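Every chain is numbered from 1 and lettered A, B, ... according to where its sequence line falls, protein lines coming before strand lines. Any value given below was found using the heavy atoms of this structure, including those in side chains, with hydrogens, waters and symmetry copies removed. Not measured: the values here are computed from a predicted model.
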There are 2 protein chains.
Amino acid sequence: MNVSVRPSTTRVSGALKDIWRSDPFLIRARQLVDLTLPDLQSLRAVIEAEATVKRRRDLVLEGYECSKLYFIKEGFAARYKLLRNGKRQIVNFVLPGDIVGMPGSFLDRAANSVIAVSDMTLQICALEAFVGLCCRQPKFGLVLSWLAAQEAAHYAEHIIDVGRRTPVERLAHLLLEIHSRLALVGLADEFAFNLPFTQEMMSDALGLSVPHLNRTLAHLRAEGLIAINGRRVEILDRKALELLAHFQPIQSGRIPLSEALAVN
Amino acid sequence: MNVSVRPSTTRVSGALKDIWRSDPFLIRARQLVDLTLPDLQSLRAVIEAEATVKRRRDLVLEGYECSKLYFIKEGFAARYKLLRNGKRQIVNFVLPGDIVGMPGSFLDRAANSVIAVSDMTLQICALEAFVGLCCRQPKFGLVLSWLAAQEAAHYAEHIIDVGRRTPVERLAHLLLEIHSRLALVGLADEFAFNLPFTQEMMSDALGLSVPHLNRTLAHLRAEGLIAINGRRVEILDRKALELLAHFQPIQSGRIPLSEALAVN
DNA sequence: CATCCTTATTGATCCAGATTATAAAAATGA
DNA sequence: TCATTTTTATAATCTGGATCAATAAGGATG
C-alpha cells in the first residue's frame, strides 16, 4: 500500500475531553454505546500505527487480500470498481469516522479499490487484534455490526439513486447524504459544507456522464435550491431539496446494551 | 406485521447432524466460525417464535420501528423502496439463511420495506435478546458483523450493476449472484437452479423496464449462455457468463478467532 | 510569470432503453 | 372446473441522457 507509516504515538497531551470530541471514530462509536476510559485505552492498544496517504494513492487494491482496518481520521476517499470497458463506478465516499476495510478485509479478497481523494491520515489496526478486542469487550463487536448496518443502509439508498431516481433527484440525494454524514462528525455547518469531490467523481458515483452531471448541478442552482462558490455548497431550500430527493436521514438508534443485560 | 406466529417448538427430534445441515443460518454461521453444541443451544434460547408469512405479505414496512431479527428458514423475499412516482427499486433479494432486520432494526426506523415473494417460514428473535447473546458469546457479534459485511459487498456489486453495467451484464450478474448464494446454503445444483423471482421483480432490481428485461433474457438464451424452462434456469456456459458479468464470487474468509485469542 | 494540467461549462448529434400497447400463456383460486 | 389475475412475450414510437467535441477557467508547478 502507498502509505507512509509511523509508529503510533499515543500522545496523552491535550485535554481528555478533546480526544472524545476530536476523533471522528470515537464520535460515531459514542453515538451507539457509552464508552469508558478503559474502553478508550483498550481501543488505543489495538491501533498499531498511524499513517498518512497522499491524494490519488490507492488505499486498497481490488483483488488483493488485506487484513487491516483503517480508521479514517482526516481526509476523504472513494471506494470504486473499474470495469473492462474503462468505466468506473464509485460505490461510496469515505469520510472521516468511517472504517475502510470493513467489507474488504472480511472477504478473501477486496471486492473494490479505495482511492484517496485528498491527503489523508488514518489509524491502522490488524484485523485479528480487533477481533481479539471484540472478544474481550463484546461492545466493540456490536459497534462494528451497527456501523456495518449503517453502511449497508447508505448503500441501499445508493442503489435506489442509481436504479430509479432521476438525475436531479440523485444529485440532490447525494448532496444531502454527504452533508448529513459530515454533520454527524462535526464537519459541516447547518446549511453549508465543503464538498470534497469533483464533478467527475460525483458522476461516477451517480452513474451519469460528466456533462450531464454539470447540467444537473446547474439546474439545482437555477431552481434556487443550492448555491456553490468553489468547493462550498450552500443549501438554500432544504425542505424542497429533501422532498425532491426522497431523502430521509439514516440514523441508527443506540445499541440496546443495558436492556440486553437486564434480560440477561 | 402480517405473520402467524406460533410458540417456538424446539423439536429435538431428528438426528443432530441434520440440524446442522438443514438450518440455513447455521450453515452460513459455520462457514465463519466453529459452533459448539452449547452455542447452538444458546442460539436457540434466544429465538422467541417461529412464524410463517404468506406470499405478497410485507415482512417489514418502511418507516416503522422494528426491533426484531428474522432468520429466514424457507422462502424468498425482496427488500424494496417505493418512490413518489410509483417506481419501485428492489434493493436486494432475501434468501434462506439471510437475516431480515439487519439494517432495518438497527436504525431508528426501517429504511425499506421487505415483501415475501413466496410463502416463508422464519424464526423471530428480539434485538435485545440477540445483543444479550453477543455479550455472553462475542462470537455471535462477530458473525453478525461478518454477515453485514457480506451483505454490504453484495449491495456494492448491485450499485455497480445498476450504475455502470449494461443490461445484459446486469442480468448475467444477477443470475450468477443468485445461483452462488443459493448454492451456499445447498439450494442449487452446480449448473442449475430454480429462480424464485418474476421478470418484473428482476427488472425492478436492475433498474430496467419489464419489456427490456425480457428482451435481455431472450438475448442471453439466444447466445446460448443460459436455458430456461419455467422457473428452472440452467447455466450453459458459465465461463462466458462470468466474463460477461465481470462476476467474482463474494466469499468471506473465516473469522480469525483463534489467531485473535493467541494474540490475546 | 508562463506553462501545463485538471476541472468546469456548453453545444450538437444520436441511440439505448423507456413507454405504451396488445396478445398469448400460465398460474391462481373460487 | 372455469374465470380471473399474473406473468411472459413482442412490436412501434419517442425521448433522456450518452457521446463527442470544443472551450473556458482555475490551480499548480517550475
Side-chain angles (χ1 to χ4, degrees), chain A residues 54-57 76 78 83 85-90 115-119 161-172 174-175 194-222 226-233, chain B residues 54-57 75-76 78 83 85-90 115-119 161-172 174-175 194-222 226-233 244:
Chain A
K54 289 246 191 61
R55 199 162 108 86
R56 274 177 234 269
R57 286 275 132 79
F76 303 91
L83 299 192
N85 55 23
K87 287 176 189 286
R88 176 175 76 164
Q89 175 67 42
I90 289 182
I115 189 171
V117 153
S118 68
D119 292 350
D161 277 340
V162 167
R164 292 293 189 205
R165 278 193 256 251
T166 66
V168 226
E169 292 168 355
R170 291 180 211 192
L171 181 53
L174 176 66
L175 293 175
N194 290 321
L195 185 63
F197 310 110
T198 66
Q199 294 187 11
E200 191 191 12
M201 294 172 202
M202 291 191 284
S203 66
D204 278 344
L206 298 180
L208 299 171
S209 64
V210 178
H212 198 45
L213 185 109
N214 182 285
R215 268 187 279 267
T216 307
L217 208 49
H219 179 70
L220 282 182
R221 267 181 296 170
I226 61 169
I228 301 185
N229 357 23
R231 297 257 110 156
R232 188 97 185 143
V233 176
Chain B
K54 289 247 191 63
R55 200 163 108 83
R56 272 177 235 270
R57 286 274 133 80
F76 303 91
L83 299 191
N85 54 24
K87 286 179 189 287
R88 174 176 78 164
Q89 175 67 42
I90 289 182
I115 189 171
V117 153
S118 68
D119 291 350
D161 277 341
V162 167
R164 291 293 188 208
R165 279 194 254 252
T166 66
V168 224
E169 293 168 356
R170 291 179 209 191
L171 181 52
L174 177 66
L175 293 175
N194 291 320
L195 184 64
F197 310 110
T198 66
Q199 294 187 9
E200 190 191 14
M201 294 173 202
M202 292 191 283
S203 66
D204 278 344
L206 298 180
L208 299 170
S209 64
V210 178
H212 201 250
L213 185 109
N214 183 283
R215 264 190 292 270
T216 308
L217 207 50
H219 178 71
L220 282 182
R221 268 181 295 170
I226 60 169
I228 301 184
N229 358 23
R231 298 256 111 155
R232 189 96 185 146
V233 175
L244 175 64

In whole Å, what is the span from the [atom1] atom of [X] to the [atom2] atom of [N]?
X	N	atom1	atom2	answer
Glu200(B)	dT5(D)	CD	P	16 Å
His219(B)	dA9(D)	NE2	C1'	17 Å
Phe197(B)	dA27(C)	CZ	C1'	18 Å
Asn229(B)	dA27(C)	CG	C1'	17 Å
Met201(B)	dT6(D)	CE	P	12 Å
Met202(B)	dT6(D)	CE	P	18 Å
Leu195(A)	dT7(C)	CG	P	13 Å
Asp119(B)	dT28(C)	CG	P	10 Å

| message | Against Asn214(B), only a single residue in Gln199(B), Glu200(B), His219(B) fulfils side chain to side chain donor-acceptor pair (under 3.5 Å); can you say which? | response | Gln199(B)

| remark: The bend of the helix from dC1(C)-dG30(D) to dA30(C)-dT1(D), taken between the axes of its five terminal pairs at each end and rounded to 10°, is 60°

For [X] against [Y], the heavy-atom pair lying closest together:
X	Y	answer
Val210(B)	Ser203(B)	CG2-OG, 3.5 Å
Ala116(A)	Lys54(A)	CB-O, 3.6 Å
Arg164(B)	Leu208(A)	NH2-O, 3.2 Å

| How far does CD1 of Ile115(B) sit from CZ of Arg88(B), to the nearest 0.5 angstrom? | 6.5 Å

| At what distance, to the nearest 0.5 angstrom, does CZ of Arg232(A) lie from CG of Asn194(A)? | 4.5 Å

| said: With a 4.0 Å cutoff (strictly under), does any side-chain N or O of Gln199(A) reach OP1 or OP2 of dT9(C)? | reply: yes

| message | When you measure from the side-chain N and O atoms of Asn214(A) to the phosphate of dA8(C), is any distance below 4.0 Å, counting only OP1 and OP2? | response | no

| remark: Once base and sugar-phosphate atoms are separated, protein heavy atoms under 4.0 Å mark nucleotides 12-30 of chain D, 5' to 3', with B, S and - as B----SSBB----------

Is there a donor-acceptor pair under 3.5 Å between the side chain of [X] and the backbone N or O of [Y]?
X	Y	answer
Asp119(A)	Arg55(A)	yes
Arg165(A)	Arg170(A)	no
Ser118(A)	Phe76(A)	yes

| remark: Checking dT7(C), dT7(D), dT9(C) against the side chain of Arg231(B) (C-beta onward), the nearest is dT7(D)

| Any idea which of dT8(D), dT7(C), dT6(D) is nearest the Arg55(A) side chain? | dT7(C)

